[in-house]
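My structure is below; once you've seen it, I'll send some questions.
Counting starts at 1 for both ligands and their atoms, in listed order.
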Amino acid sequence: MVASARAPLAIVSAMHQELRALLPSLQHARSVECAGRRFHLGELHGHPVVLVLSGIGKVAAATTATLLIHAFEARALVFTGVAGGLREGVNVGDVVVARQLLQHDMDASPLFPRFEVPLSGRSHFDADTGLADALAAAAQRCLDGSEALLGAATVHGFRLEQARLHGGLIVSGDRFVSSATQSGELHALLPDALAVEMEGAAVAQVCAEFGKPFAVLRCISDRADDTAHVDFTRFIEVVASAYTAAIVNDWLQRTA
Ligand code: ADE
């Protein structure tokens with residue numbers, strides 16, 4: 001299937017709060033139901049887009065990515081959501097733009113090396129450099145303007161004054177990491193991993209198989225430890241959804 005120049009950019013949200021923050025800006029909106037998902041088609045800042053909620057976990061994300069590419073002819077995918085910080089210095093309120101993704105729960109050893117996707121010969125999947133660069137620049141502008149975006153009370157309430165941007169490895173698996181023991185094990189096995197979530201590497205594998213560019217943008221909602229569930233929903237509602245919408249809008253406004 002050859003996508004036309006007006007083929008849409010796909011923006012995939014892990015959480016409905018993020019999708020809800022983007023939908024009001026969608027022009028000429030119409031929606032299509034497929035496989036239990038509602039795909040919102042239209043234009044954002046003059047770009048044809050398709051917005052959708054992925055569902056949680058690798059299968060939901062892979063299904064969504066496949067549909068976006070095959071049924072909706074998406075020319076590129078951007079996945080947004082939250083993640084747990086793994087590496088020291090990756091804190092709540094920080095933003096991580098993936099440069100590479102890996103499935104931390106892929107283990108067909110001893111038949112294949114741990115983390116390698118069997119028969120693909122690879123464990124790491126690269127995000128598109130141009131997309132990741134553009135999203136990182138947009139994320140930095142939003143972090144710099146966080147008080148204007150969220151209000152001083154929210155910035156101070158969530159202690160976001162020192163929030164930073166990171167770029168590097170994000171790992172994904174079908175597990176919400178919610179203890180210091182689990183996150184310590186992951187960190188020991190994969191010391192380069194900045195953050196852990198449940199979808200990005202599945203989207204990365206599908207996009208690699210179809211030869212489609214993709215990027216993954218995550219706001220750190222927790223430290224993947226014993227307090228990972230605390231204030232999770234409030235953080236997504238108040239901070240992550242506002243950041244995501246602002247970053248995506250900023251990025252699209254500046255994209256030719
Ligand atoms: N998404 C946000 N926080 C997470 C965590 N701690 N584990 C997995 N996915 C997450």
Ligand 1 atoms in contact with Gly84 (distance to a heavy atom under 4.0 Å) =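 By the 4.0 Å cutoff, the relevant atoms are 2 (C), 3 (N), 4 (C).
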
inquiry  = Considering both backbone and side-chain atoms of Phe232, is one of its nitrogen or oxygen atoms within less than 3.5 Å of a nitrogen or oxygen in ligand 1?
reply    =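 Between Phe232 and ligand 1, no N or O pair is found under 3.5 Å apart.
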
message = Any salt bridge linking Arg164 with Asp94? Criterion: basic side-chain nitrogen under 4.0 Å from a carboxylate oxygen.
response =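 Salt bridge: no.
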
inquiry  = Applying ring pair (Phe, Tyr, Trp, His ring centres under 6.0 Å) as the test, list every pair that has at least one member in residues 235-256; sequence neighbours left out.
reply    =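 Qualifying pairs, neighbours excluded: Phe158-Phe235.
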
inquiry  = Quick one: does any side-chain atom of Arg218 pair with a main-chain N or O of Val82 as donor and acceptor, under 3.5 Å?
reply    =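 It does hold such a pair.
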
ask   = What part of Ser221 sits under 4.0 Å from ligand 1 if we count only heavy atoms: the side chain, the backbone, both or neither?
value =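 It is the side chain that touches ligand 1; the backbone stays farther off.
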
ask   = Given that the side chain starts at C-beta and the backbone is N, CA, C, O, which of these parts of Val177 lies under 4.0 Å from ligand 1, counting heavy atoms, or is it both or neither?
value =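 For Val177, the contact with ligand 1 is made by both the backbone and the side chain.
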
request  = Give the atoms of ligand 1, by number and element, whose distance to some non-hydrogen atom of Ala224 is under 4.0 Å.
outcome  =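 Close to Ala224: 6 (N).
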
request  = Number the atoms of ligand 1 from 1 as they appear, then name those within less than 4.0 Å of a heavy atom of Asp222, with their elements.
outcome  =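 So the atoms of ligand 1 that pass are 2 (C), 3 (N), 4 (C), 5 (C), 6 (N).
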
ask   = Does Ser178, backbone or side chain, put an N or O under 3.5 Å from an N or O of ligand 1?
value =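 Looking only at distances, the answer is no, because the N/O contact criterion of under 3.5 Å is not met.
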
message = If we only consider heavy atoms of Arg223, is any one of them less than 4.0 Å away from an atom in ligand 1?
response =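 Heavy atoms of Arg223 never come under 4.0 Å of ligand 1.
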
task = Share the residues that join Leu111 in a hydrophobic cluster, the rule being Ile, Leu, Val, Met, Phe, Trp or Tyr side chains under 4.5 Å apart at the heavy-atom level.
result =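 Reading the cluster by chain and number, Leu111 sits alongside Phe112, Leu119.
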
query = Any luck finding a side-chain donor-acceptor pair between Glu197 and Ser172 under 3.5 Å?
reply =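 Glu197 vs Ser172: donor-acceptor pair found between side chains.
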
inquiry  = Quick check: closest heavy atoms across Thr80 and Ile11, and the distance to 0.1 Å?
reply    =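 Of all heavy-atom pairs spanning Thr80 and Ile11, the closest is CG2-CG2, 4.5 Å.
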
